[in-house]
2 protein chains.
Amino acid sequence: MTYENVTLDPTANVYFDGACVSHTFFLADGTRKSAGVIFPSTLEFGTEAPEVMELHGGSCKVQLPGSEEWTTYAAGESFSVPGNSSFGIEVTETLSYVCHYG
Amino acid sequence: MTYENVTLDPTANVYFDGACVSHTFFLADGTRKSAGVIFPSTLEFGTEAPEVMELHGGSCKVQLPGSEEWTTYAAGESFSVPGNSSFGIEVTETLSYVCHYG
């Protein structure tokens, strides 16, 4: 699966000393997305806009805001996070993802 | 600087257990490139097609094929590697790059 006719920022986003690396790209209509990886680690990400994390590879457990539960997600699945919140993620197998903002 | 009207493969390329992470993308004319990072490490990359490594951030020393010399390159500089060869690279500060193939 590829994204066509996008604008790519070639400078990578590096978070948590390299535990997460992504590239930001924009669809023709200006919609912002990022494609990235998260290596085995336990992290907490803050959100500004709402996010949908679409998993292309690997697996993880996620704790969504307001929940004590850790839910497992794997390639082919997605999870949604409200804006102006945060989520915990425990990556058990290197995660390849696309993050859809807004 | 961004690349417009490209096709992006959202699944990341992960090399050397995460020391290098990149995304492959194609210009409208089909030309293949990749945008990535290399974290501080000493690695050897093989090439198939000739490559031009254009550095957007960080710094490194590079040993090109047929040379005993290690040459320093930093953001804003590029180095070329013949096809079907390899190059040594010692990254001293996380490198952000675009690789131009062919």
Side-chain angles (χ1 to χ4, degrees), chain A residues 1-43 51-60 74-78 89 91-101, chain B residues 1-43 51-60 74-78 89 91-101:
Chain A
M1 188 235 146
T2 59
Y3 283 87
E4 312 222 334
N5 191 20
V6 303
T7 296
L8 174 70
D9 179 346
T11 302
N13 310 305
V14 177
Y15 304 104
F16 301 106
D17 295 326
C20 175
V21 179
S22 71
H23 283 96
T24 301
F25 63 101
F26 301 87
L27 302 187
D29 65 4
T31 306
R32 180 169 66 103
K33 298 181 184 299
S34 63
V37 292
I38 305 175
F39 296 108
S41 55
T42 301
L43 305 169
E51 297 180 6
V52 172
M53 288 282 284
E54 177 193 352
L55 308 186
H56 284 251
S59 64
C60 64
E77 298 179 306
S78 298
I89 188 164
V91 173
T92 45
E93 188 195 329
T94 296
L95 213 58
S96 185
Y97 70 87
V98 171
C99 183
H100 307 268
Y101 299 93
Chain B
M1 188 235 144
T2 59
Y3 283 87
E4 312 223 334
N5 191 19
V6 304
T7 297
L8 174 70
D9 179 346
T11 301
N13 312 304
V14 177
Y15 305 103
F16 302 104
D17 293 328
C20 176
V21 178
S22 71
H23 283 96
T24 301
F25 64 100
F26 302 86
L27 302 187
D29 66 5
T31 306
R32 179 171 66 105
K33 298 181 184 297
S34 63
V37 291
I38 307 176
F39 295 109
S41 55
T42 301
L43 306 170
E51 295 180 9
V52 172
M53 287 282 284
E54 178 193 351
L55 308 186
H56 285 251
S59 65
C60 63
E77 298 180 305
S78 297
I89 188 164
V91 174
T92 45
E93 187 194 330
T94 297
L95 214 57
S96 186
Y97 69 88
V98 170
C99 184
H100 307 269
Y101 300 93

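As the structure is a computational prediction, the values presented were derived from the model and not from experiment. Residue numbering restarts at 1 for every chain, and letters A, B, ... go by the order of the sequence lines.
At a 4.5 Å heavy-atom cutoff, the contact between A/Y3 and chain B is made by backbone and side-chain atoms alike.
Residues B/T2 and A/F26 are not in side-chain contact: their nearest non-hydrogen atoms beyond the backbone lie 4.5 Å or more apart.
Comparing B/D9, B/T11, B/V98 by how many heavy-atom pairs each has under 4.5 Å with chain A, the most go to B/T11. The greatest number of non-hydrogen atom pairs below 4.5 Å with chain A, out of B/T94, B/D17, B/T7, B/T24, is found for B/T7.
Each of A/K33, A/H56, A/E54, A/H23 was checked for a side-chain contact (heavy atoms from CB on, under 4.5 Å) with B/P10, and the lone residue meeting it is A/H56.
Scanning both residues, B/A12 and A/S96, for their nearest heavy atoms gives N-OG, 3.7 Å.
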